[in-house]
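Scroll down for the structure; my scribbles are underneath it.
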2 protein chains.
Amino acid sequence: MPRDGSQTRTRILDAAEALVLERGYGGMSVERVIRQAGITKGAFFYHFKTKEALARTLLERFDAMDRAALEDNHQRAVRLGSDALQRLLVFVGLFEEAFAELEQPYPGCLYAAYIYEAKLFDADTQRTLGSSFLRWRGVLRGMLDDIVAERGGGEALDLEALADMFTVVLEGAFITAKAVDDASVIARQLGEYRKYVELLFAAGR
Amino acid sequence: MPRDGSQTRTRILDAAEALVLERGYGGMSVERVIRQAGITKGAFFYHFKTKEALARTLLERFDAMDRAALEDNHQRAVRLGSDALQRLLVFVGLFEEAFAELEQPYPGCLYAAYIYEAKLFDADTQRTLGSSFLRWRGVLRGMLDDIVAERGGGEALDLEALADMFTVVLEGAFITAKAVDDASVIARQLGEYRKYVELLFAAGR
DNA sequence: AGAAACATACAGACTATATGGTACATGATG
DNA sequence: CATCATGTACCATATAGTCTGTATGTTTCT
């Protein structure tokens with residue numbers, strides 16, 4: 001066997017992520033991770049000191065991917081949108097596009113999985129979860145502020161709630177899509193959010 | 001000791017529900033349920049043959065409460081609303097009212113907790129979860145159809161998505177409220193949904 | 001009415017297995 | 001050969017579930 005363990009490490013993380021989203025962290029055993037990753041205990045505990053360390057690393061990796069997706073689509077929206085409103089609409093549209101391609105119901109969001117088992121994790125992990133949501137709030141809120149700065153009419157709006165609503169709709173759509181076993185739910189729900197934003201500022205225009 | 005075990009049974013279910021929402025089903029041990037309920041193993045396994053049986057009963061109880069809340073608020077909305085649009089707006093408003101009173105972030109939805117650990121449960125349980133979501137979809141869809149029947153203009157709308165969006169927003173709001181530790185999120189998100197419906201049919205008017 | 005006789009509700013010790021984690025040996029690779 | 005990466009055997013504890021005992025309530029029969 002090669003002396004490069006990074007593949008093994010990745011396979012462990014991939015297996016664990018899939019299992020957490022299917023069975024929860026508490027319902028996922030190390031033994032099962034090992035089986036699914038096709039390795040042995042020695043390899044597992046070489047890469048991760050404890051199951052808890054795996055949980056932390058898994059969240060860090062997901063957080064990095066999430067952050068990247070957020071920033072990437074934000075920058076694309078900034079390039080593609082002609083004004084502040086268009087930028088937000090494009091931003092949402094990009095996510096719609098991404099989720100429209102899925103056939104299987106999206107496996108789910110690791111944040112949500114952890115939050116529904118919050119007491120299994122330490123305070124630091126829970127802070128990480130909170131700040132992840134606040135990051136989305138911040139970016140969306142920034143885009144909304146830009147719209148209001150350009151067009152005015154922000155007085156009648158709860159901009160924080162409107163910013164949160166993107167995440168809210170996404171998280172809720174993941175759950176609903178799984179529950180009714182229909183992957184199309186996600187893109188369609190994001191479409192409703194986009195339409196809401198459109199309507200809000202078209203009316204206030 | 002009294003011979004009426006219904007209190008004990010209820011205490012087991014209450015403890016289990018709280019624990020599932022804090023730690024997930026897989027992260028909840030029978031031992032812990034026993035401790036929290038202040039009973040012993042004998043009592044537990046007298047009332048529930050297995051841990052799985054507890055899970056089923058817990059879901060049945062939650063489902064019954066959920067169904068009751070849905071039907072109750074639906075009927076109240078029917079009585080209070082002057083036309084179809086008002087009925088839906090009142091319906092959403094009633095839930096806003098209920099969640100606005102909460103100080104603590106709502107403990108969460110048992111459906112969502114189960115769905116994020118779906119593979120731990122049998123096919124029958126998963127069907128129950130699906131039909132619970134479809135029940136909400138059905139009621140909301142019915143109210144939306146009524147609005148369209150009265151006012152027209154339903155061609156441009158995805159009524160199914162709009163119906164689902166109530167549940168989607170609620171589920172997403174539960175998660176977000178816990179993540180950012182702010183109970184006000186739930187009522188405010190429902191407020192946004194109500195405003196969206198209002199705007200959609202005010203514009204189409 | 002009173003006491004067997006029975007049923008219900010619970011306690012607590014016990015068991016088998018699953019699970020997280022360790023120790024150590026072995027193979028590959030620079 | 002030295003070190004990194006992995007396999008294997010093993011261990012301690014946690015966990016779901018069992019068994020037996022026992023207190024308390026209910027029914028039945030005289």
Quiz item: For A:Thr8 and D:dT6, is the shortest distance between a side-chain N/O and OP1 or OP2 below 4.0 Å?
Solution: yes

Quiz item: Which residues, if any, of residues 39-58 of chain B bring a heavy atom under 4.0 Å of DNA chain D?
Solution: B:Lys41, B:Phe45, B:Thr50, B:Lys51

Quiz item: Run the ring-ring contact (aromatic ring centres under 6.0 Å, His included) check on B:Phe174 and A:Tyr116 step by step: do they pass?
Solution: CA-CA 10 Å; B:Phe174 289 162; A:Tyr116 261 105; 8.2 Å; no

Check nucleotides 1-3 of chain D against the protein and report each pair of N or O atoms closer than 3.5 Å, with its distance, or say if there are none.
none

Quiz item: Quick one: side chain to side chain donor-acceptor pair (under 3.5 Å) pairs with a partner in residues 181-194 of chain B, sequence neighbours left out?
Solution: A:Asp158-B:Arg188, A:Glu160-B:Arg188, A:Tyr196-B:Glu192, B:Glu96-B:Arg194, B:Asp182-B:Ser184, B:Ser184-B:Arg188

Quiz item: Taking the six-membered ring of A:Tyr25 as reference, does the NZ or CZ atom of A:Lys51 fall below 6.0 Å from its centre and within a 45° cone about the axis?
Solution: yes

Quiz item: Between B:Arg35 and B:Glu31, is there a salt bridge with N-O shorter than 4.0 Å?
Solution: no

Exercise. Identify whether the distance between the nearest side-chain nitrogen and carboxylate oxygen of B:Glu52 and B:Arg56 falls below 4.0 Å.
Key: yes

Quiz item: Under a 4.0 Å heavy-atom cut-off, which of residues 18-36 of chain B touch DNA chain C?
Solution: none

Exercise. Could you check B:Asp164 against B:Thr167 for side-chain hydrogen bond (donor to acceptor under 3.5 Å, both in side chains), going step by step and ending with a plain yes or no?
Key: CA-CA 6 Å; B:Asp164 280 348; B:Thr167 318; 5.5 Å; no

Quiz item: Restricting to pairs with a member in residues 75-98 of chain A, which pass ring pair (Phe, Tyr, Trp, His ring centres under 6.0 Å), not counting sequence neighbours?
Solution: A:Phe91-A:Phe95, A:Phe91-A:Phe166, A:Phe95-A:Trp136, A:Phe95-A:Phe166

Exercise. On the 0 to 90° scale, with breaks at 30° and 60°, tag the A:Phe62-A:Tyr111 ring pair as parallel, tilted or perpendicular.
Key: perpendicular

Exercise. Identify, with sequence neighbours excluded, every residue that meets salt bridge (Lys or Arg N to Asp or Glu O under 4.0 Å) alongside A:Asp66.
Key: A:Arg135

Self-check item: A:Leu80 side, atom CG; A:Asn73 side, atom CG - distance, nearest 0.5 Å
Solution: 10.0 Å

